[in-house]
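Everything on this sheet refers to the single structure shown next.
Here is the naming used below: chain letters follow the sequence lines, and residue numbers restart at 1 for every chain. Everything quoted here is computed from the prediction, not taken from an experiment.
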Amino acid sequence: MRMSKLYLPTLKEEPAEAEIISHKLMLRAGLMRNHASGIYSYLPLGYKVIQKIEKIIRRHMDDSDAQEVLLPILQSSEIWKESKRWDRFGPLMIKFKDRKNREFCLGPTHEEVVTDLLRDEIRSYKDLPLNLYQIQTKVRDEIRPRFGVMRGREFTMKDAYSLDRDDEGLDESYQAMYNAYTNIFVDCGLETRAVEADTGAMGGKDSHEFMVLAESGEDKIAFCTNCEYAANIEKAESLVEKRTVNKEDKLEKIHTPGAATIKELEKFFDLPGEDMIKSVAYQADGEAVLALVRGDDELNEIKLANYLDVDNLEPASEEDIITHFKSSPGFIGPIGSKGVRIIADQRIENMESGITGANEKNYHYRGAKVGRDFEVETYLDLRLVREGDSCPSCSGKLEIKSGIEVGHIFKLGTKYSESMGASYLDENGRDKPVVMGSYGIGVTRLVAAAIEQNHDDYGICWPLAIAPYQIIILQLGNDDAVIDKANEIYQQLESAGLEVLVDDRKERAGVKFNDADLIGIPLRLTVGSRSLEAGVVEAKVRATGQELNFELSSVVKETTELLAKIK
RNA sequence: CGGAGCGUGGCGCAGUUUGGUAGCGCACCUGUUUUGGGAACAGGGGGUCGAAGGUUCAAAUCCUUUCGCUCCGACCA
């Protein structure tokens, strides 16, 4: 491609709308432009990168016997009501009515469509297993789109759906996808880590996320420094140490004016947070729930929501605390609570006693004991893991890092097949629900993640596999000899099947060098009168800065050889 | 949805406090000289100052309403 003809609007200055590096560079390097909040147009260079990624994805999906289809974006409300997600997804979906007043949404995902499509087709165990995938635009009315393409309202996703006869079949399909994903990300030149994940609104049991480690990531991941354990912090667990603290044995009500937070209580009593019982009040589908964690711990709401199995878990407002919990904000506690479900973290069980709110303004109890002074419904893991916690599988130390979720795989089980009636007849003629899995890759998010992982002060450093072009030839100056030579090399390389961009614009050298760095083409060849006099073209590897001179007579051969070594 | 900030040529910004008829840098067009890391000089084009309403002799500037964008939080596969 000739740059004189390429639509490539690069920006010299930082766009004001962008905050993180990948977003800035995607705008500056002319990959995309903003249309509205969280909605983008992809320009030629950006779309090339997307197509490269899609090609890699297709190859690995096809290799694992998945078959590509294309499902509708416009989806009828009926199937969503069947799966009970019309309300569950709620405002995340763009919903509207057609001229005949029928309800539709723009598909935020396609489980319902796939299930609907196949429930009438799958008759026999002989039709299974099956894995269908598509690369499609998804529409989600995110509450807060941000970081450019990282959390957009419209984005490209590869989603796949497996259908199996039973759990063993699902395990196999899941493992095949796990392997395919691992290979896809390696082939894209990305470093990812698979972590255990919560299943969220998708439902189901096992789930893994594929994370690109990056400061700007919206997710937190806990890793063991000693073994392979890695989990999203939403799901991560740690060993519960067996130790007892605070041996007060009588319950005592204490006037604690102005001490409402754990920090203030630590000061007031001159005791550490681990001697206190933190009580967090929630409204769970209208039911009052009090979650207890140790004072120095943070509550993991996802763990609580999973246990309660509710659609709506919201922190109780100050008003709720007064009316529903009959308490006082800042002084809430489990003692004397009526009509409130009390659920405790397992570490509370190890506490001999603790300091907790007295449900009365400016009062706390000291020496509160579970079983004697109050009862709990159950003990379970409710706490957010912290850096330095002990690993649940090997008791090594946990470390916490930020990551960008680029892939997510789920074992859905029979959630959709049962609610929507997708079943088959087994060998014995018995009707059984299809066992499903679902597998997603955020294609456009992957572009941003790749940039987060591969850039420097001058611009993007594309991994070769997903670079929009492999080679950029800089034609410096307007000497006929230079123009002819640049042209000749361009044509030779293209004939050799390489992807080449030639900067034939009437720009000064500095502009060309800077644009080349910005758009991040992996290999740069410079043709100018200086190098021609020396009988060479200069080669420079974008990512490493490595520089070489190629003899004019063997440019194609040497370029091909060098490319083979670049990642 | 709560909090904060911002909307002025394509991009980045000043001007708003204290109303007086719009400016800078980059980009763009023409010409000359340049030409290996974002050239210099000269000339030139382009903006109903997000929108609507109001106050005023006069509004980018003051008031009201509204729309959009960004950040923090809530929320969110």
**Request:** Check the distance between C75(B)'s C1' and Ile143(A)'s CD1 and give it to me in whole angstrom.
**Result:** 4 Å
**Request:** Just call it for Arg33(A): base, sugar-phosphate, or nothing, with non-hydrogen atoms closer than 4.0 Å on any strand.
**Result:** nothing
**Asked** For Ser37(A) and U70(B), is the shortest distance between a side-chain N/O and OP1 or OP2 below 4.0 Å?
**Response** yes
**Asked** Could Glu82(A) and Arg119(A) be called an ion pair, given the rule that one side-chain N must be under 4.0 Å from one carboxylate O?
**Response** yes
**Message:** On RNA chain B, compare the nucleotides closest to Pro315(A) and Arg524(A); which residue's is nearer the 5' end?
**Reply:** Arg524(A)
**Message:** Check Asp141(A) with Lys95(A), please: is the shortest side-chain N to carboxylate O separation under 4.0 Å?
**Reply:** no
Might you list the N or O atoms of the protein lying below 3.5 Å from N or O atoms in nucleotides 31-33 of chain B, with each pair's distance?
none

**Distance, P atom - from U30(B) to U21(B), rounded to whole angstrom** = 34 Å
**Request:** Among Arg386(A), Arg383(A), Lys278(A), find the one that has a salt bridge (charged side-chain N to carboxylate O under 4.0 Å, His left out) with Glu298(A).
**Result:** Lys278(A)
**Message:** For the CG atom of Leu170(A) and the CE atom of Met436(A), what is their distance to the nearest 0.5 Å?
**Reply:** 10.0 Å
**Student check: side-chain heavy atoms of Tyr40(A) and Glu154(A) closer than 4.5 Å** = no
**Message:** Without decimals, in angstroms, what is the distance between Phe155(A) CZ and C76(B) P?
**Reply:** 16 Å
**Message:** With rounding to the closest Å, how many angstrom separate the C1' atoms on G9(B) and C13(B)?
**Reply:** 13 Å
**Request:** Report which part of the nucleic acid Gly477(A) touches: base, sugar-phosphate, or nothing (heavy-atom distance under 4.0 Å, all strands).
**Result:** nothing
**Request:** Can you tell me, in whole Å, how much space there is between the P of U56(B) and that of G10(B)?
**Result:** 34 Å
**Asked** Distance between the P atoms of A22(B) and G50(B), in whole angstroms?
**Response** 15 Å
**Prompt:** Now, which nucleotide makes the Watson-Crick or G-U wobble pair with C26(B), with each of the two distances under 3.5 Å?
**Reply:** G10(B)
**Message:** Does the structure show a Watson-Crick or G-U wobble partner for G31(B), both distances under 3.5 Å? Name it, or say none.
**Reply:** C41(B)
**Message:** Under 4.0 Å, counting only non-hydrogen atoms across every strand here, what does Phe147(A) touch: a base, just sugar-phosphate, or nothing?
**Reply:** sugar-phosphate
**Message:** Nearest 0.5 angstrom please: Arg146(A) CZ to Ser216(A) OG, how far?
**Reply:** 11.5 Å
**Request:** If G36(B) has a Watson-Crick or G-U wobble mate with both distances under 3.5 Å, name it; if not, just say none.
**Result:** none
**Asp171(A)/Gln175(A) under side chain to side chain donor-acceptor pair (under 3.5 Å): CA gap, chis, key distance, verdict** = CA-CA 6 Å; Asp171(A) 288 346; Gln175(A) 191 58 43; over 6 Å; no
**Message:** When both hydrogen-bonding distances must be under 3.5 Å and the geometry is Watson-Crick or G-U wobble, what is C1(B) paired with, if anything?
**Reply:** G73(B)
**Prompt:** If we take the C1' atom in both C57(B) and G15(B), what is their distance in whole Å?
**Reply:** 23 Å
**Request:** Taking atom C1' in both G38(B) and A52(B), compute the distance separating them and give it to the nearest angstrom.
**Result:** 43 Å
**Prompt:** With both distances under 3.5 angstrom, what nucleotide forms a Watson-Crick or G-U wobble pair with C49(B)?
**Reply:** none
**Request:** Could you check whether Asp517(A) gets within reach of a base, just the sugar-phosphate, or nothing at all, counting any heavy atom under 4.0 Å?
**Result:** base
**Asked** Which of residues 504-515 of chain A have a heavy atom under 4.0 Å from RNA chain B?
**Response** Arg508(A), Ala509(A), Gly510(A), Val511(A), Phe513(A), Asn514(A), Asp515(A)
**Fill in**
From CD of Glu218(A) across to P of C75(B) the rounded distance in Å is 14 Å
**Item:** Watson-Crick/G-U partner (both atom distances under 3.5 Å) of A58(B)
**Value:** none
**Request:** Find the distance Glu142(A):CD to C69(B):C1' and express it as a whole number of Å.
**Result:** 17 Å
**Message:** Under 4.0 Å, counting only non-hydrogen atoms across every strand here, what does Glu301(A) touch: a base, just sugar-phosphate, or nothing?
**Reply:** sugar-phosphate
**Request:** Just name whichever nucleotide pairs with U18(B), Watson-Crick or G-U, keeping both distances under 3.5 Å, else none.
**Result:** none
**Asked** Using a cut-off of less than 4.0 Å, is there contact between a side-chain N or O of Arg144(A) and OP1 or OP2 of C72(B)?
**Response** yes
**Item:** Plane angle bin for Phe89(A) and Trp80(A) - parallel if under 30°, tilted between 30 and 60°, otherwise perpendicular
**Value:** perpendicular
**Request:** Using atom types as modelled and distance alone, determine if a side-chain donor or acceptor of Gln75(A) lies under 3.5 Å from a backbone N or O of Val113(A).
**Result:** no
**Message:** For the NZ atom on Lys81(A), are there more than 12 heavy atoms of other groups (residues, nucleotides or ligands in this structure) within a distance under 6.0 Å?
**Reply:** yes
**Fill in**
Here the distance between atom P of U70(B) and atom CD1 of Ile20(A), to the nearest Å, is 12 Å
**Message:** For a quick check of understanding: with a heavy-atom distance under 4.0 Å over all strands, which category does Pro108(A) fall into, base, sugar-phosphate or nothing?
**Reply:** base
**Request:** Provide the distance between the two C1' atoms, one in A4(B) and one in A59(B), to the nearest whole Å.
**Result:** 27 Å
**Message:** With hydrogens left out and only the distance checked, is there a donor-acceptor pair under 3.5 Å joining Thr109(A)'s side chain and the base of A77(B)?
**Reply:** yes
**Item:** Separation between the C1' atoms of C62(B) and G3(B), rounded to whole Å
**Value:** 26 Å
**Request:** Have a look at Ala36(A) and say if it touches a base, only the backbone sugar-phosphate, or nothing, with a 4.0 Å heavy-atom cut-off.
**Result:** sugar-phosphate
**Prompt:** Got a donor-acceptor contact below 3.5 angstrom from the Asn300(A) side chain to the Ile233(A) backbone?
**Reply:** yes
**Request:** Assign the ring pair Tyr181(A) / Phe210(A) to parallel, tilted or perpendicular, where the plane angle (0 to 90°) is split at 30° and 60°.
**Result:** tilted
**Prompt:** In whole angstrom, what separates Arg542(A)'s CZ from G37(B)'s P?
**Reply:** 17 Å
Every protein N/O lying under 3.5 Å from an N/O of nucleotides 9-12 of chain B:
| unit_1 | atom_1 | unit_2 | atom_2 | d |
| --- | --- | --- | --- | --- |
| C11(B) | O2 | Glu13(A) | OE1 | 3.4 |
| G12(B) | OP1 | Ala16(A) | N | 3.1 |

**Request:** Can you tell me the distance, in whole Å, between the CD atom of Glu19(A) and the C1' atom of G73(B)?
**Result:** 15 Å
**Message:** Using only modelled atom types and a 3.5 angstrom limit, is any donor from either the side chain of Arg151(A) or the base of C76(B) paired with an acceptor on the other?
**Reply:** yes
**Item:** Residues Lys303(A) and Asp198(A) bridged, charged N to O under 4.0 Å
**Value:** no
**Prompt:** Do Gln475(A) and Asp503(A) have side-chain heavy atoms sitting under 4.5 Å apart?
**Reply:** no
**Asked** Starting at the 5' end of RNA chain B, which residue's closest nucleotide do you reach first, Gly38(A) or Arg28(A)?
**Response** Arg28(A)
**Asked** Looking at Lys415(A) and Glu111(A), does any basic side-chain N land under 4.0 Å from a carboxylate oxygen?
**Response** no
**Request:** Mind checking Ser531(A) for me? I need base, sugar-phosphate or nothing, with any heavy atom below 4.0 Å counting as a touch.
**Result:** base
**Asked** Base, sugar-phosphate alone, or nothing: which one does Glu405(A) contact when heavy atoms must sit under 4.0 Å apart?
**Response** sugar-phosphate
**Prompt:** Expressed in angstrom and rounded to an integer, what is the separation of Glu314(A) atom CD from C1(B) atom P?
**Reply:** 15 Å
